[in-house]
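Note on naming: letters A, B, ... go to the chains in the order of the sequence lines (proteins, then strands), and numbering restarts at 1 for each one. Just the heavy atoms: all of them, side chains too, but no hydrogens, waters or symmetry mates, feed the values below. Because the structure is a prediction, the values reported are computed rather than measured.
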Protein chains: 2
Amino acid sequence: MKKIAIIEDDKELKVLLEKYLNFQNDLSCETSVESIEEFLSEVNKQDKPDLIICDIGLPGVSGIEGIKILKEKIPGVEVVMLTVDDNSESIFKSLCNGASGYLVKNTSLDKIKESIDIVLNGGSAMSPNIARKVVEYFTPAKHVESELSDRENEIVEGLVEGLSYKLVAHKLDISIDTVRHHIKSIYRKLNVNSKAEVIAKSYKGQI
Amino acid sequence: MKKIAIIEDDKELKVLLEKYLNFQNDLSCETSVESIEEFLSEVNKQDKPDLIICDIGLPGVSGIEGIKILKEKIPGVEVVMLTVDDNSESIFKSLCNGASGYLVKNTSLDKIKESIDIVLNGGSAMSPNIARKVVEYFTPAKHVESELSDRENEIVEGLVEGLSYKLVAHKLDISIDTVRHHIKSIYRKLNVNSKAEVIAKSYKGQI
DNA sequence: TGCAACATCACATATTCATGTCGTTGTTAA
DNA sequence: TTAACAACGACATGAATATGTGATGTTGCA
């Protein structure tokens, strides 16, 4: 029997979820509150939950900030966001803070149950459109369609590895002056003027 | 009616999947081949598929490399990986190359169908343990107590922003020589010897 | 066929960076 | 109360970087 806690300021949803979860024969939900603050004042009175379902748009401390606090207070607890907020910033901040799941609020009750099971078994669960945004995080470059030539991209690769002009030249077996030449073109195209900016852009997926 | 193609060298699975998909009344599968190369020679003979289910461990061109080729050949096509390979490198390379889904091979047929529907509707689908690895990508193991001092970390921040020593000095309101001094310590502690490497390390979450 | 884009190399100059050695404070832990 | 360390600063030198001008050869496309 796993213990679930709910932090959700929409009272109707909170009660519905609580009842639904307690109806499951492998889950129990004793803690059901409306804010991070309330949760923290309640949490010592009873058993620590195994998993917390948490809204983002909460009064006081937001759900995103809350993740860090919750996981610090209860090491090893899993946190699944349940929210209407599907903008990329909220998604990524939640994941960075340690959320193991991210569901949008129109998710059906049995999909929520399925997601809870998945997360309790060491997996992660996301609503399809959330997963899409996460997946697309890995392919942002395609949008701008790197305007750099193949050779220029090879040069950038070298820079990103932290190589000096000389080493890039050696690696590509060209002269250092040619490296310089390409870098001038790269800087112009990317509108930057230092190695540092190129590396930053690259790591941010902007190349 | 959406068209699905299968690239899978396990003949048994290939045939099973093909039959199962053709059994669905909203899907059809006419293209079912055993390698990227074979797919490319077949693809012009019939209608372009809307979605391709692709293995990774293929003879010849690997599935990971294949994604780029497929998407170039058929702009807008969705690619879902179906593989036994669940190591992080394969996952991230696939996503970087443009895969919209990543399923492990023990996924049930109806879960595969569900994933196809999700992807065709603009979402993304991943097996739970794959999703976990993707989610964990965003929470790199807490940097083991950054051995850098607070001030040194501020300097690093400046470098990562692409600032010159002069600008870092101005920003922190200290002399450029002091910036130099700190950077010497930083390089020693991080065991590097250029701005580029510091920035790279920072972006890789190694600071 | 000729232009545009790419890749190659050279020379020059000013700035920035990497690194060393040498100091002064102030705080902290043995 | 030393010792260790953090933060601050100065001076100096050689290497690397940023940027400009200019030239030659290839390739793809209109």
Exercise. Does D/dA18 have OP1 or OP2 sitting under 4.0 Å from an N or O in the side chain of A/Tyr165?
Worked result: yes

Exercise. Looking for any heavy atom pair under 4.0 Å, which part of the strands does B/Asp177 touch: base, sugar-phosphate only, or nothing?
Worked result: base

Exercise. Is there a donor in the side chain of B/Glu65 and an acceptor in the side chain of B/Ser62, or the other way round, less than 3.5 Å apart?
Worked result: no

Problem set entry | Presence of B/Ser149 side-chain N/O under 4.0 Å of D/dA7 phosphate oxygens OP1/OP2 | yes

Exercise. With distance as the sole criterion, is a donor-acceptor pair present between the side chains of B/Glu42 and B/Thr31 under 3.5 Å?
Worked result: no

Seminar exercise, completed: To the nearest angstrom, the CZ-P distance between B/Arg180 and D/dA15 comes to 17 Å

Exercise. To the nearest Å, how far apart are B/Ile176 CD1 and C/dT15 C1'?
Worked result: 10 Å

Exercise. With a 4.0 Å cut-off on heavy atoms, is A/Ser194 in touch with a base, just the backbone sugar-phosphate, or nothing at all?
Worked result: sugar-phosphate

Exercise. Does a nitrogen or oxygen in the side chain of B/Lys184 sit under 4.0 Å from OP1 or OP2 of C/dT19?
Worked result: no

For this session: Would you classify B/Thr178 as touching base, sugar-phosphate or nothing, given that sugar-phosphate means primed atoms plus P, OP1 and OP2, and contacts are heavy atoms under 4.0 Å?
Result: base

For this session: Would you indicate which nucleotide in C/dT8, C/dA10, D/dT17 comes nearest to any side-chain atom of A/Ile174?
Result: C/dT8

Exercise. Are A/Lys105 and A/Asp55 ion-paired here, with the side-chain N under 4.0 Å from a carboxylate O?
Worked result: yes

Exercise. Can B/Glu30 and B/Lys3 be counted as an ion pair, charged N to O under 4.0 angstrom?
Worked result: no

Problem set entry | Nucleotide nearest A/Lys195 when distance is taken to its side chain, options D/dT17, D/dA12, D/dG9 | D/dT17

Problem set entry | B/Glu154 CD - D/dC8 P separation (whole Å) | 8 Å

Problem set entry | Ion pair check, B/Lys48 and B/Glu78, cut-off under 4.0 Å | no

For this session: Give one of base, sugar-phosphate or nothing for B/His182, where a contact means two heavy atoms less than 4.0 Å apart.
Result: sugar-phosphate

Problem set entry | Atom-to-atom span, CD1 of A/Ile155 to C1' of D/dA16 - whole angstrom | 16 Å

Seminar exercise, completed: Separation of C/dT16 atom P from A/Glu197 atom CD, nearest Å, is 13 Å

Problem set entry | Whole angstrom value for the distance that separates C1' of C/dA18 from NZ of B/Lys166 | 17 Å

Exercise. Under 4.0 Å between a side-chain N or O of A/Arg151 and OP1 or OP2 of C/dT8?
Worked result: yes

For this session: Among C/dC9, C/dT19, C/dA10, find the nucleotide with the atom closest to the side chain of B/Tyr187.
Result: C/dT19

For this session: Check the distance between C/dG20's C1' and B/Ile183's CD1 and give it to me in whole angstrom.
Result: 15 Å

